[in-house]
Amino acid sequence: MNLYLYNTLTKKKEKFEPINPPYVGMYTCGPTVYNYAHIGNLRTYIFEDILKRVLLYNNYIVNHVMNITDVGHLTSDADEGEDKIEREAKKERRSAWEIAEFYTEAFKRDIKKLNIIEPNIWCKATDHIKDFIDLILILENKGYTYRTSDGIYFDTSKVPEYGKLAGQELENLLPGARVEYNPEKRNPTDFALWKFSPKDVKRQMEWDSPWGVGFPGWHIECSVMSTKYLGQPFDIHCGGIDHIPIHHTNEIAQSEAAYDKPMAKYWLHGEFLVMGDKKMAKSEGNFITLSDLEEKGYHPLAYRYFCLTAHYRSPLRFTWTALEGAQRALNRLYENMKKYPKVDAEFDKNYEEEFHKAINDDLDMPKALAITWELVKDNKIPSEIKRTTLLQFDRVLGLSLDNPPEIKIEVPEEIWGLLEEREIARKNKDWEKADKIREEIKAKGYIIEDTPQGPRLKKAKPLSK
RNA sequence: GGCGGCAUCGCCAAGCGGCUAAGGCAGGAGAUUGCAAAUCUCCCAUUCCCCGGUUCGAGUCCGGGUGCCGCCUCCA
């Protein structure tokens, strides 16, 4: 079955044809590890995971590379401002290296909880300084660079196609734009390849280079590491939609200038998660982390399910009610799965084909989920077949349908006491007292479900906002 | 100022010119329960922001409004 993907480069849905089938090289821009990821960041990684799983489902052999930006990402793309990692280190009174290490681990924990398959290769920027310098040297030899007082810059006017990914013309960037003006730059879109360490402050992360002590620019990192591990051109490059106009545009400029061939064949971008009507962003101060969700009693996979209800190229509006809905829907899938007998059976070919068609149509996960529900509700399909078919779907959905996670909650001693008291009242058919205790427990944030096996506790969830 | 996108049930959200406008959540009715919860069954948009147009046929294409968002600062 053909796979179709929307390519930002051509602005069209295209038939996916890897350069060297059945191998697929895929590079996804990883996190800058100066803080926890928020669920908006994580939406993109979920989208990329779905993409990868769909490729695997189509029997491609995927080599997935993800970078960790642990140096060089400044607080402004105008190449002003501080290095994000160093700034955070100062704030937390830890070394830059510790900060990077700490948030890298936090990130890896998050994606694990979301059932995101780990990349085949993780690469850290600080492990590739020599490679960055090598590429800058190539660019320098080809005349693409120039020196200013604070670094080595890439001259974007030397690239006729500059901005092709974003569809932006150089000339249109000036008027009204909120660009910090750097008088030493030849063009407003020029960007730093290598930045010199400031004279007055000692940086924690800095290296020698042919141009002086300093650190690499952000964009060079992805250009170098993607090509190093995947060759050039490689098949797929992904990232958030925000990377189109600058980061990916600059990657393309560098890589194609250096090697005179396309950087990647397909460029895919995930849309934003929005909060109210605004995007979720650290700078907007409206961000929520995965731990925030967990603290409220939501499972990370409920968030994954929530993300699957929207197409990756549409903005998705986050509300607590919508997340609650996702959690409930997912629980229902789990409940259904538990009922089905665990015996070997062939999956249902018709449903599988429908599902396959949906995911191959530019990852139409909302459709795929709709098909999933149709199957669950179809009483013409025997339950053991439902089970195997759903497990087949779960190779892409990644919702752990075969092994539903238990939501662990911490219950204080006090609640256990009340619960016991209520059970005694119930045995004595003192319903009034039992209901009163139930109310009391509810007031303390827990909901009781009486089952034939005894009472079960759940954390009450705030539905507001 | 430039570029791009979006407006579909109370909420989230599919749909990309043609069967009766997916699906989930919420809501309603019933089964179950001491009552609940959970679970199960059934019901739940003659209509797609507004106005024109193209077409045998439009939520889907075109033109014009209105409202909103993103990017051109950092961002997934």
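Convention: sequence-line order gives letters A, B, ...; per-chain numbering from 1. Only heavy atoms go into these numbers, but all of them, side chains included; no hydrogens, no water, no symmetry mates.
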Determine the contact category for Gly40(A): base if any of its heavy atoms lies under 4.0 Å from a base atom, sugar-phosphate if only primed atoms, P, OP1 or OP2 are that close, otherwise nothing.
-> base
Checking all strands, does Glu271(A) fall into the base, sugar-phosphate, or nothing category for heavy-atom contacts under 4.0 angstrom?
-> base
Heavy-atom protein contacts under 4.0 Å, nucleotides 25-31 of chain B, coded B base, S sugar-phosphate only, - none | SS-----
With distance as the sole criterion, do the side chain of Arg438(A) and the base of A36(B) form a donor-acceptor contact below 3.5 Å?
-> yes
Under-3.5 Å donor-acceptor pair between Asp242(A) side chain and G70(B) base | no
Parallel, tilted or perpendicular: which fits the ring planes of Trp267(A) and His237(A), with parallel below 30° and perpendicular above 60°?
-> parallel
Could Asp49(A) and Arg304(A) be called an ion pair, given the rule that one side-chain N must be under 4.0 Å from one carboxylate O?
-> yes
Any strand, both distances under 3.5 Å, Watson-Crick or G-U wobble: C6(B) pairs with G67(B)
Quick one: look up who A26(B) pairs with, Watson-Crick or G-U, both distances under 3.5 Å, and put none if it's unpaired.
-> none
Please determine if a side-chain N or O atom of Thr309(A) lies less than 4.0 Å away from the OP1 or OP2 oxygen of A14(B).
-> no
Side-chain H-bond candidate by donor/acceptor type, Tyr4(A) with Asn7(A), under 3.5 Å | no
Check every strand shown and say whether Phe47(A) touches a base, only sugar-phosphate, or nothing at a heavy-atom separation below 4.0 Å.
-> nothing
Can you check whether Lys338(A) has a side-chain N or O nearer than 4.0 Å to OP1 or OP2 of U39(B)?
-> no
Would you say A76(B) has OP1 or OP2 under 4.0 Å from some side-chain N or O of Arg43(A)?
-> no
Taking only the side-chain nitrogens and oxygens of Asn336(A), find out if one of them lies under 4.0 Å from OP1 or OP2 of C40(B).
-> yes
Paired with U46(B) by Watson-Crick or G-U wobble geometry, both distances under 3.5 Å: which nucleotide is it?
-> none
Could you check whether Asp430(A) gets within reach of a base, just the sugar-phosphate, or nothing at all, counting any heavy atom under 4.0 Å?
-> nothing
Which part of the nucleic acid, if any, lies within reach of Leu273(A) when heavy atoms closer than 4.0 Å are counted: base, sugar-phosphate only, or nothing?
-> base
